[in-house]
Amino acid sequence: MTLKSRTKIVDLLKKGEVGTEVVAKGWVRTRRGNKNVAFIALNDGSTIHNIQIVADVAVFGDDFLKEVGTGACIKVVGTLVESPGAQQPVEVQAKSIELYGKADPASYPLQKKGHSLEFLREIAHLRPRTNTFSAVLRIRHAMAFAIHKYFNDKGFFYIHTPIITGSDAEGAGELFRVTTLDINNPPRKENGKVDFAEDFFGKESKLTVSGQLEGELAALALSEVYTFGPTFRAENSNTPRHLAEFWMIEPEVAFYDIEDNMDLAEDFLKYLIRYALEHCKDDLEFLNKMWDKELLERLNSVASISFERLTYTKAVEILEKADVKWEFPVFWGADLHSEHERYLVEKHFKKPVILTDYPKEIKAFYMKLNDDGKTVKAMDVLFPKIGEIIGGSQREENHEAITKRINELEIPMEELWWYIETRKFGTAPHSGFGLGFERLLLFVTGMGNIRDVIPFPRTPNSCEF
RNA sequence: UCCUCAUUAGCUCAGUUGGUUAGAGCACCUGACUGUUAAUCAGGGGGUCCUAGGUUCAAGUCCUAGAUGAGGAGCCA
């Protein structure tokens, strides 16, 4: 028998092998009992549920059992039996217990009672051992897996786009610099500016804010691709919806117009939500009970309802007619603020909304210009509670049009020569979008703060662990 | 970055109009209990009231500045 030999608690609880000897390993959640018998709730992270270990005090001794308290890690060999208690189908009558690691009860920070999410963030090294956080992590895994499954089943190829980039032309926010220069004494040019020709790459380099531009290069060869990787924004954003380091999914598809793009986005989101409802039932029920009483109802609703689709122009008309005093004025050409988006999703339509055809001035250079010359084929998917969960567009594939737009916005053309060349050689209509993975998880788990759906959040002034 | 609020025991939080020795629940320790279910019951230990100034006979409480956290806004995914 090797060290890894054990039955996972999720399998023990399926009640398959009653009467047989089993080995369970895990971390003690609580211990209670009397002078004759101790009950140990054991969890190994395979499920939200614990297995109850029953240990006779006469066999194991009071002093030993005292060490098997909250937080300790143990190996238990015993018989799986039907439980006389009402709250669990089976339990393990312990024959032997090996203490892998004790946890001093006076200093172990996790109690059997609940903690605030703020406190748990301060002990991110231990919070995976809580019910809430282990549930979130299992759902996070399930969603990552479902994303790959969805695209793989549809014949999309997973493209690894670079994390270090030499271009900052995408315009999606402030970038983190990557350098090997001595920041206390960098080489300088005659004009006093830092000489990045002497840096590792011979030029300035940054952490990527998006894999989209490279994804487009791949789509214009492999037709259907997606990226799924970390992205970095050095914005000083302090909100429950922003991270400095987050994961993004970016499908990019040749021969898709904006309608196809919207169909893909809606189908994709519904698939993921249905996958969670089907595969993460116990964890979602726990989160529903613990944090968000409307979670399951909301997930079921969004999974089946048809998203509302309308143009930016129509949305502005609705907002202008609305009997609401806006903090930010609404007029054609103004960017929509979260109060406007929330009104459309939560009050007016009461379901997810896809807004399209925004004024070109408030959108990025790569979006395809409409025939009206004023709007671009952009699409934002707005969700209840979250706001913008997806942003995407049909891309400008016309060489003349995209160089004109780049010049208008005074984006340095020489940094994008490779991107522009795809429009020169065998260009094709294509579309894509970006989905923030943690924003998806906020919606699926019902958690209120994005720092609680990623194991180790990076935010301004916070890079512990 | 801006606005608002918060910071008191390991955790969650009370603390009245500025007034004696700062409290509770949980956790922890000791004991009781023949199968518990966030076990229960009894007892015990535990405090730089975020920090630095200030006002006052007297400050956890009022004022100023700062630190940290949270919510809202902006930026966005």
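So you know, we letter chains A, B, ... as the sequences are listed, proteins then strands, and number each from 1.
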Undergrad: B:G18 and B:U64: how far apart are their P atoms, nearest whole angstrom?
TA: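 Approximately 16 Å lies between the P atom of B:G18 and that of B:U64.
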
Undergrad: Let me know the distance between CG of A:N461 and C1' of B:U68, rounded to the nearest Å.
TA: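 Value for this atom pair: 10 Å.
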
Undergrad: When the C1' atoms of B:G15 and B:A24 are considered, how many whole Å apart are they?
TA: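 Between the two C1' atoms, the distance is 11 Å.
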
Undergrad: Could you identify the nucleotide paired to B:C49, looking across every strand shown and requiring Watson-Crick or G-U wobble geometry with both distances under 3.5 Å?
TA: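 Pairing partner, where one exists within any strand: none, as none qualifies.
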
Undergrad: Between the base of B:C11 and the side chain of A:H115, is one N or O donor paired with an acceptor at under 3.5 angstrom?
TA: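 When only heavy-atom distances are counted, A:H115 does not reach the base of B:C11 through any donor-acceptor pair under 3.5 Å.
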
Undergrad: What's the closest nucleotide to the side chain of A:T239 if the choices are B:G71, B:C75, B:C33?
TA: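 Output: B:C75.
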
Undergrad: Between A:S116 and B:U12, is there a contact of a side-chain N or O with OP1 or OP2 at under 4.0 Å?
TA: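 Yes, A:S116 has a side-chain N/O under 4.0 Å of OP1/OP2 on B:U12.
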
Undergrad: Where do A:Q394 and A:N261 come nearest, in terms of heavy atoms and distance?
TA: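 Heavy atoms only, the tightest pair is N-ND2, 4.5 Å.
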
Undergrad: Identify the nucleotide, in any strand shown, that forms a Watson-Crick or G-U wobble pair with B:A24, with both distances under 3.5 Å; if there is none, say none.
TA: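 The base-pairing partner of B:A24, which may sit in any strand shown, is B:U12.
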
Undergrad: Students often get this wrong, so: under 4.0 angstrom with heavy atoms, is A:R29 touching a base, only sugar-phosphate, or nothing?
TA: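 It contacts nothing in the nucleic acid.
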
Undergrad: Using heavy atoms to find the nearest nucleotide of RNA chain B for A:E438 and A:K35 separately, return the residue whose nucleotide is more 5′.
TA: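 Result: A:K35.
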
Undergrad: To the closest 0.5 Å, what do you measure between CD1 (A:I51) and OG (A:S83)?
TA: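 Nearest 0.5 Å value for the CD1-OG distance: 9.0 Å.
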
Undergrad: C1' atom, B:U20 versus B:G60: distance in rounded Å?
TA: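 The answer is 15 Å between these two C1' atoms.
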
Undergrad: Ignoring backbone atoms, test whether A:R32 places a side-chain nitrogen or oxygen under 4.0 Å from the OP1 or OP2 oxygen of B:A39.
TA: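 For A:R32, the contact criterion (side-chain N or O under 4.0 Å from OP1 or OP2 of B:A39) is met.
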
Undergrad: Taking any strand in view, what nucleotide pairs with B:A32 in a Watson-Crick or G-U wobble way, both distances under 3.5 Å?
TA: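 Check on B:A32: paired to B:U40, both distances under 3.5 Å.
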
Undergrad: Under 4.0 Å, heavy atoms only, any strand: does A:F119 hit a base, just the sugar-phosphate, or nothing?
TA: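 The answer is sugar-phosphate, as A:F119 gets under 4.0 Å only of primed atoms, P, OP1 or OP2.
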
Undergrad: Consider side-chain contact (heavy atoms from CB on, under 4.5 Å). Of A:M262, A:E250, A:E252, A:M379, which one does A:F433 pass it with?
TA: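 It is A:M379; the other options fail the test.
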
Undergrad: Would you say A:S338 reaches B:A73's phosphate, i.e. side-chain N/O to OP1/OP2 under 4.0 Å?
TA: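 Checking A:S338 against B:A73: at least one side-chain N or O falls below 4.0 Å of OP1 or OP2.
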
Undergrad: Describe the nucleic acid contact of A:A86 in one word from base, sugar-phosphate, nothing, applying a heavy-atom distance below 4.0 Å.
TA: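 Base contact - A:A86 has a heavy atom under 4.0 Å of at least one base atom.
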
Undergrad: Going by modelled atom types, is there a donor-acceptor pair between the base of B:U12 and the side chain of A:Q111 at under 3.5 Å?
TA: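 Per atom types, no contact qualifies.
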
Undergrad: Within less than 4.0 Å of OP1 or OP2 of B:U1, is there a side-chain N or O belonging to A:N236?
TA: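 Affirmative; the distance criterion is met.
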
Undergrad: A:L440 near the nucleic acid: base, sugar-phosphate alone, or nothing, with a heavy-atom cut-off under 4.0 Å?
TA: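 No contact.
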
Undergrad: Return yes if the base of B:C75 and the side-chain atoms of A:R241 contain a donor-acceptor N/O pair under 3.5 Å, otherwise no.
TA: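 Side chain to base: no pair present.
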
Undergrad: Tell me which nucleotide among B:A77, B:C33, B:G31 gets nearest to the side chain of A:F246.
TA: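 So the nucleotide nearest the side chain must be B:A77.
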
Undergrad: May I ask you to say what A:E341 touches in the nucleic acid, namely base, sugar-phosphate or nothing, with a heavy-atom cut-off under 4.0 Å?
TA: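 Counting heavy atoms under 4.0 Å across all strands, no contact is made by A:E341.
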
Undergrad: Between B:C75 atom P and A:L243 atom CG, what is the distance in whole Å?
TA: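 My rounded result for the distance is 18 Å.
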
Undergrad: Paired with B:U1 by Watson-Crick or G-U wobble geometry, both distances under 3.5 Å: which nucleotide is it?
TA: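 Checking every strand shown, B:U1 finds its partner in B:A73, with both distances under 3.5 Å.
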
Undergrad: So which nucleotide does B:C57 pair with, by the Watson-Crick or G-U wobble rule with both distances under 3.5 Å?
TA: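 Pair assignment: B:C57 / B:G19.
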
Undergrad: Classify the side chain of A:S237 and the base of B:C76 as holding, or not holding, a donor-acceptor pair under 3.5 Å.
TA: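 Not at all, since no donor on one side and acceptor on the other fall under 3.5 Å apart.
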
Undergrad: Less than 6.0 angstrom separating the ring centers of A:Y150 and A:F268, yes or no?
TA: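 Yes, the ring of A:Y150 comes within the 6.0 Å limit of the ring of A:F268, centre to centre.
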
Undergrad: Between A:H430 and A:Y256, is the ring centre distance below 6.0 Å?
TA: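 That pair fails the under 6.0 Å test.
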
Undergrad: Look at all strands and tell whether A:E245 reaches a base, only sugar-phosphate, or nothing, counting heavy atoms closer than 4.0 Å.
TA: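 Result for A:E245 = nothing.
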
Undergrad: Mind calculating the distance between CG (A:N43) and P (B:A38) to the nearest angstrom?
TA: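 Atom-to-atom, A:N43 to B:A38, this comes out as 15 Å.
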
Undergrad: Which value, in whole Å, describes the distance between the P atoms of nucleotides B:U30 and B:G66?
TA: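 It comes out at 48 Å once rounded to the nearest Å.
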
Undergrad: Classify A:F383 by what it touches in the nucleic acid, base, sugar-phosphate, or nothing, heavy-atom distance under 4.0 Å.
TA: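 It contacts nothing in the nucleic acid.
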
Undergrad: In whole Å, I'd like the distance from the CG atom of A:L65 to the C1' atom of B:G35.
TA: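 Taking CG of A:L65 and C1' of B:G35, I get 15 Å after rounding.
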
Undergrad: Rounded at 0.5 Å granularity, tell me how far CD in A:E245 sits from CZ in A:F232.
TA: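 The CD atom of A:E245 sits 4.5 Å away from the CZ atom of A:F232.
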
Undergrad: Which part of the nucleic acid, if any, lies within contact of A:Q52, taking any heavy atom under 4.0 Å across all strands shown: a base, the sugar-phosphate backbone alone, or nothing?
TA: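 Touches a base.
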
Undergrad: Which whole number of Å gives the distance between the C1' atom of B:A22 and that of B:U16?
TA: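 These two C1' atoms come out 14 Å apart once rounded.
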
Undergrad: Which value, in whole Å, describes the distance between the C1' atoms of nucleotides B:U34 and B:A38?
TA: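 Between the two C1' atoms, the distance is 23 Å.
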
Undergrad: Validate the cation-pi geometry between A:K154 and A:Y226: distance from NZ or CZ to the six-membered ring centre under 6.0 Å, angle to the ring axis within 45°.
TA: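 Ring-cation test returns no.
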
Undergrad: Looking only at atom C1', what distance separates B:A14 and B:U61, rounded to whole Å?
TA: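 My reading of the C1' atoms in B:A14 and B:U61 gives 14 Å.
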
Undergrad: Decide whether A:Y100 and A:K25 meet the rule of one side-chain donor and one side-chain acceptor closer than 3.5 Å.
TA: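 Short answer, yes.
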
Undergrad: Look through every strand shown and name the nucleotide pairing with B:U68 as Watson-Crick or G-U wobble, where both distances are under 3.5 Å.
TA: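 Paired with B:U68, as far as the under-3.5 Å criterion goes, is B:A6.
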
Undergrad: Using a 4.0 Å heavy-atom cut-off, does A:P105 contact any base of the nucleic acid, only the sugar-phosphate backbone, or nothing at all?
TA: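 If one applies the 4.0 Å heavy-atom cut-off, A:P105 turns out to touch the sugar-phosphate alone, with no base involved.
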
Undergrad: Using a heavy-atom cut-off of 4.0 Å across all strands, would you classify A:G33 as base, sugar-phosphate, or nothing?
TA: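 A:G33: base contact, heavy atoms under 4.0 Å.
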
Undergrad: Between atom CD in A:Q87 and atom C1' in B:U37, what is the gap in whole Å?
TA: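 For the pair A:Q87 CD and B:U37 C1', the rounded distance is 4 Å.
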
Undergrad: How close do A:I273 and A:A303 get, heavy atom to heavy atom, and via which atoms?
TA: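 So the two residues come closest at CG2-CB, 3.9 Å.
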
Undergrad: How many Å lie between CD1 on A:I123 and C1' on B:C11, as a whole number?
TA: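 Answer to the nearest Å: 10 Å.
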
Undergrad: Grab the CD-C1' distance between A:E118 and B:C5 for me, whole Å please.
TA: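 The distance from CD of A:E118 to C1' of B:C5 comes to 13 Å, rounded to the nearest Å.
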
Undergrad: Please measure how far the P atom in B:G72 lies from the corresponding atom in B:A65, and state the result in whole Å.
TA: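 Each nucleotide's P atom is 26 Å from the other's.
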
Undergrad: Report the nucleotide, chosen from B:A77, B:G74, B:G35, that has the shortest atom-to-atom distance to any side-chain atom of A:E91.
TA: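 In terms of side-chain proximity for A:E91, the closest of B:A77, B:G74, B:G35 is B:G35.
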
Undergrad: Check every strand shown and say whether A:T30 touches a base, only sugar-phosphate, or nothing at a heavy-atom separation below 4.0 Å.
TA: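 Contact class for A:T30: sugar-phosphate only.
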
Undergrad: Ignoring backbone atoms, establish whether A:R451 has a side-chain N or O less than 4.0 Å from OP1 or OP2 of B:G69.
TA: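 Checking B:G69 against A:R451, no side-chain N or O comes under 4.0 Å of OP1 or OP2.
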
Undergrad: If you only use heavy atoms from C-beta on, which nucleotide in B:U37, B:A77, B:C76 is closest to the side chain of A:Q88?
TA: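 Closest nucleotide among those given: B:U37.
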
Undergrad: Output the rounded distance in Å from CH2 (A:W326) to P (B:A73).
TA: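 Atom CH2 in A:W326 sits about 13 Å away from atom P in B:A73.
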
